[in-house]
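These notes concern the structure reproduced below.
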Amino acid sequence: MNTHQAMQMAGRQALCALALVLLLAGCQSAFPPALNPPAQAESPRLSVGDSWVYRHTDGFTQLPRGSFTHTITAIAGDIVTVEIQSADGRVVATNRYTRDWNWLDHPMTNLQRFRFDPPYPALSFPLASGKSWSAYTHATDAADGVTYDLARVDGRASDWQRVTVPAGAFDAIYVQRSAYSGAQTSDRSQEYITERDWYAPAVNNLVMGSYRSVYFDKALGNCLDSWRTNDWTLVELVAYRPVRK
C-alpha cells in the first residue's frame, strides 16, 4: 500500500467513525444537579415482592409503547428473578439478574434474549462519579444455544442529577454504557449499542433509561451510507412499590 492509498484508507476510517458517533449521539435531556447526592450509591436492597412500573416511549417519535410492571418473584443467593407484566396483566418476560442488577438472562438492546456468563456488567456498585469499568462476557442465545464470545461492555458513572419522571423527582447517578454484541454475519456487522441509565438509591433501581443501537450493512460498502439505525427506547419510572420501607 502506497502513501496515497494509506491516506485514503485513514480518511475513510475517520469518516466511518464520525458517522457512527453521530448515529449514536441521540438527543439527551439536560437535568439540573442533584440536590443532596451521596458520595456513592451502594448496592440495592431488594426483597421478593418489590415492584417498579415503567413507561416505555419511542425515542424517535415520542409515541407511547405501554407500561410494564417489574416484580421480584424470587431471590436465591445472588440470583434475582423478575417477572414483567404488561398493563393488562399478561406476563411478557422473565429476566434474571444478580443482586447488583447485572444481567444473567436478559435481552440485549435491540437483540434477542441472551444468557450472560459472566454477568453483563450494567452497573458496578458502589457507583461514584468518575468510576468506569470494562468487561467481556459470553452471550449465549437462549433460543438456539449459539454462544458469542466477544460481547463487550464499557461503562462509566458520571455526575449526580435531579431527574423528574412520572413517579416524582429523584437524585440519580448518570451511567453511560457502550456495548458491542460480538454477533455478526457475512452481510452485517455486530451491533454497536448505547445505553444510558439514571440510578436512584431511593428506589433501589433505575428511574430513567435510554437504549439504542446501530449496525453496519456490509453489502453497501460505503461507510457514510451503510450504517443502519435500530430501535430507540426511552424508559421512565411511573411507580415504585417496595415490600419494606
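Only heavy atoms go into these numbers, but all of them, side chains included; no hydrogens, no water, no symmetry mates. Along the sequence shown, residues are numbered consecutively beginning with 1.
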Linking directly or through intermediates, with side-chain heavy atoms under 4.5 Å: list the remaining ILVMFWY members grouped with Val238, chain and number order. Val53
Looking at the rings of Phe170 and Tyr240, which for Trp means the six-membered one, are their centres under 6.0 Å apart? no
Considering residues, nucleotides and ligands other than Arg65, do more than 12 of their heavy atoms fall under 6.0 Å from its CZ? yes
Please list all pairs meeting ring-ring contact (aromatic ring centres under 6.0 Å, His included) that have one or both residues in residues 69-94, counting only residues at least two apart or in different chains. Tyr54-His70
Could I get the full list of salt bridge (charged side-chain N to carboxylate O under 4.0 Å, His left out) partners for Arg96, not counting sequence neighbours? none
Taking NZ, NE, NH1 and NH2 as the nitrogens, is one of them in Arg177 or Asp197 under 4.0 Å from a carboxylate oxygen of the other? yes
Classify the angle between the aromatic ring planes of Tyr120 and Trp103 as parallel (below 30°), tilted (30 to 60°) or perpendicular (above 60°). parallel
With Thr69, which residues qualify under side chain to side chain donor-acceptor pair (under 3.5 Å), at least two apart? none
Once you round to the nearest 0.5 Å, how far does OG of Ser210 lie from CE of Met208? 9.0 Å
Decide if the gap between the ring center of Phe116 and the ring center of His106 is smaller than 6.0 angstrom. no
Residues forming a side chain to side chain donor-acceptor pair (under 3.5 Å) with Asp154, sequence neighbours excluded: Ser134, Arg152
Check whether any side-chain heavy atom of Val175 lies under 4.5 Å from a side-chain heavy atom of Arg156, and answer yes or no. no
The complete set of side chain to side chain donor-acceptor pair (under 3.5 Å) pairs with one or both residues in residues 73-87, sequence neighbours excluded, reads Ser86-Asp88
